[in-house]
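Take a look at the structure set out below.
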Amino acid sequence: MPLITSDFGFTSTAAEVAEGVDLTGKRAIVTGAASGIGIETAKTLAALGAEVTLAVRNLEAGERTAETISADTGNQAVRAAVLDVADLATVRLFASSWTGPLHILINNAGIMATPETRTEAGIELQFATNYLGHFALTIGLYDALAEAENARVVALSSSGHLISPVVFDDINFRFRPYDPLLAYGQSKTASVLFAVGAAERWSEDGIAVNAVMPGAIATGLQKHTGGLKTPPERRKTVEQGASTSIFAAISPQLEGVSGRYFENNNEAEVVYDGNGWSSGVAYYALDNDNANRLWELALTYIA
């Protein structure tokens, strides 16, 4: 199967990718939309006419962001709602309170390289936040996505997934010494595997799920790593960083496409070594057996 390519690339912005698209009448959710590229992602969707919900931990910050987006775009259908993807109780509450169709879900919220922490349920925090909470959210919103017909879900991964596969026998670092980057890597691999698993299960239901790598953008995400350390020539602006999420969410070129991994607005090549942790998608992140194993495991976690 040939890789999907587009006219956009590394330097393309979200606004450039979105040009000519009309989302009037569409409804979207962006998690973590009060900071980083989440703001630009939500702003771009709003500028295209979508009704946008900012799903955020801090409601006050989310409401301020929603007001700013409305002022900038002229779209008054922008609101904030409480969601902490690391807290499955708030995930369930958010999903159960949603009514009507959902056309776009962008699982954007994330943390990186945090100190060793586990949720009350004993789940390693990065795995819980970057993957498991978003898995539970998407499962909870399944009916709304199916109702929309041709809905799209975007799972934010990272080139960091090249650091580690999902270590199924010790996801929560109960046996091996905790390493914040290994934990981050496996959580981002899990995000890709979710797209693969969803493609197998939901494609006939009109729900497409793809994973994206936004790139290296200086945001609060790097607060535990001492700031962004990527060489300047490989860094992106927030506007550029949001572009691949927008591409996966709205591009007519991806109609019916599911279970893929995109970077720089193009489908990534499969790699079989670490590749300097810079580009490509690891073979283990696209493995159907891994995807199915993770899906079934995740269902036990959120039961």
Side-chain angles (χ1 to χ4, degrees), residues 23 26-39 41-43 45-46 50-67 69-70 75-111 117-121 123 125-148 151-157 187 190-191 194-195 197-198 201-202 205 207-209 211 220-221 245 248-249 295 298-303:
L23 295 181
K26 304 296 186 182
R27 307 174 75 205
I29 295 171
V30 182
T31 69
S35 63
I37 66 172
I39 296 175
T41 302
K43 179 181 176 181
L45 296 173
E51 174 190 319
V52 184
T53 297
L54 316 183
V56 297
R57 287 186 299 174
N58 185 326
L59 184 59
E60 183 179 348
E63 289 176 338
R64 287 198 304 268
T65 302
E67 290 175 2
I69 290 174
S70 290
N75 184 344
Q76 300 305 308
V78 182
R79 71 180 187 99
V82 173
L83 173 69
D84 180 354
V85 287
D87 182 348
L88 291 178
T90 75
V91 172
R92 294 187 186 101
L93 181 61
F94 181 96
S96 65
S97 66
W98 184 270
T99 57
L102 174 62
H103 303 86
I104 297 170
L105 172 61
I106 300 186
N107 291 330
N108 169 82
I111 56 177
T117 310
R118 295 181 180 84
T119 66
E120 291 185 3
I123 310 301
L125 187 61
Q126 294 186 80
F127 187 82
T129 302
N130 297 342
Y131 165 70
L132 188 62
H134 283 123
F135 175 86
L137 176 66
T138 313
I139 292 287
L141 292 169
Y142 168 83
D143 288 342
L145 291 163
E147 181 182 347
R152 297 199 193 179
V153 180
V154 181
L156 265 75
S157 183
S187 74
S191 295
F194 172 62
R201 291 163 174 80
W202 294 349
D205 303 324
I207 303 172
V209 185
L221 185 68
S245 295
W295 191 285
L299 288 176
T300 67
Y301 276 135
I302 68 173

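Being a predicted model, the structure only gives us computed values, none of them experimental. All residue numbers refer to positions in the sequence shown, counting from 1.
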With rounding to the nearest 0.5 Å, note down the distance linking [atom1] in [X] to [atom2] in [Y].
X	Y	atom1	atom2	answer
Ile302	Ile139	CD1	CD1	5.5 Å
Thr41	Ile106	OG1	CD1	5.5 Å
Glu51	Leu102	CD	CG	9.5 Å
Arg57	Leu83	CZ	CG	10.0 Å
Leu137	Leu132	CG	CG	11.5 Å
Leu145	Thr138	CG	OG1	7.0 Å

Could I get the full list of side chain to side chain contact (heavy atoms under 4.5 Å, CB included) partners for [X], not counting sequence neighbours?
X	result
Ala95	Leu141
Ala190	Phe127, Tyr131, Val166, Leu294
Ala42	Val30, Ala33, Val52, Leu54, Ile69

Worksheet entry | Summary of salt bridge (charged side-chain N to carboxylate O under 4.0 Å, His left out) pairs that have at least one residue in residues 86-104, sequence neighbours excluded |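 For residues 86-104, and leaving out neighbouring residues, there are no salt bridge (charged side-chain N to carboxylate O under 4.0 Å, His left out) pairs at all.
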Item to complete: Just jot down the ring pair (Phe, Tyr, Trp, His ring centres under 6.0 Å) partners of Tyr142, sequence neighbours excluded, or say none.
Response: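 Here the qualifying residues are Trp202.
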Item to complete: Using ring pair (Phe, Tyr, Trp, His ring centres under 6.0 Å) as the criterion, list what pairs up with Phe194, not counting sequence neighbours.
Response: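 In terms of ring pair (Phe, Tyr, Trp, His ring centres under 6.0 Å), with neighbours along the sequence ignored, Phe194 is linked to Phe135, Trp295.
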Which residues satisfy the side-chain hydrogen bond (donor to acceptor under 3.5 Å, both in side chains) test with [X], sequence neighbours excluded?
X	value
Ser187	Asn130
Glu120	none
His134	Thr31
Ser245	none

Which atoms form the tightest heavy-atom contact between [X] and [Y], and what is the distance?
X	Y	value
Ser70	Val78	OG-CB, 3.6 Å
Ala86	Thr119	O-CG2, 3.9 Å
Asn108	Gly32	ND2-O, 3.2 Å
Ala80	Gly62	CB-C, 3.4 Å
Ile29	Ala55	CG2-CB, 4.0 Å

Fill in: Donor-acceptor contact below 3.5 Å, side chain Thr129 vs main chain Gln126
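No: the side chain of Thr129 does not pair with the backbone of Gln126.
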Item to complete: Go through the steps for Ile37 and Leu156 under the test side chain to side chain contact (heavy atoms under 4.5 Å, CB included), then give the verdict.
Response: CA-CA 11 Å; Ile37 66 172; Leu156 265 75; 3.7 Å; yes
Worksheet item: Excluding sequence neighbours, so at least two apart, what forms salt bridge (Lys or Arg N to Asp or Glu O under 4.0 Å) with Glu63?
Response: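 None.
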Item to complete: Sorted by first residue and then second, give each side-chain hydrogen bond (donor to acceptor under 3.5 Å, both in side chains) pair with at least one member in residues 75-86; sequence neighbours left out.
Response: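 As it turns out, the side-chain hydrogen bond (donor to acceptor under 3.5 Å, both in side chains) pairs with a partner in residues 75-86, which skip direct neighbours, are Thr53-Arg79.
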Worksheet item: Do Ser191 and Asn107 have side-chain atoms, one donor and one acceptor, less than 3.5 Å apart?
Response: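 Judged by distance alone, the side chains do not pair up.
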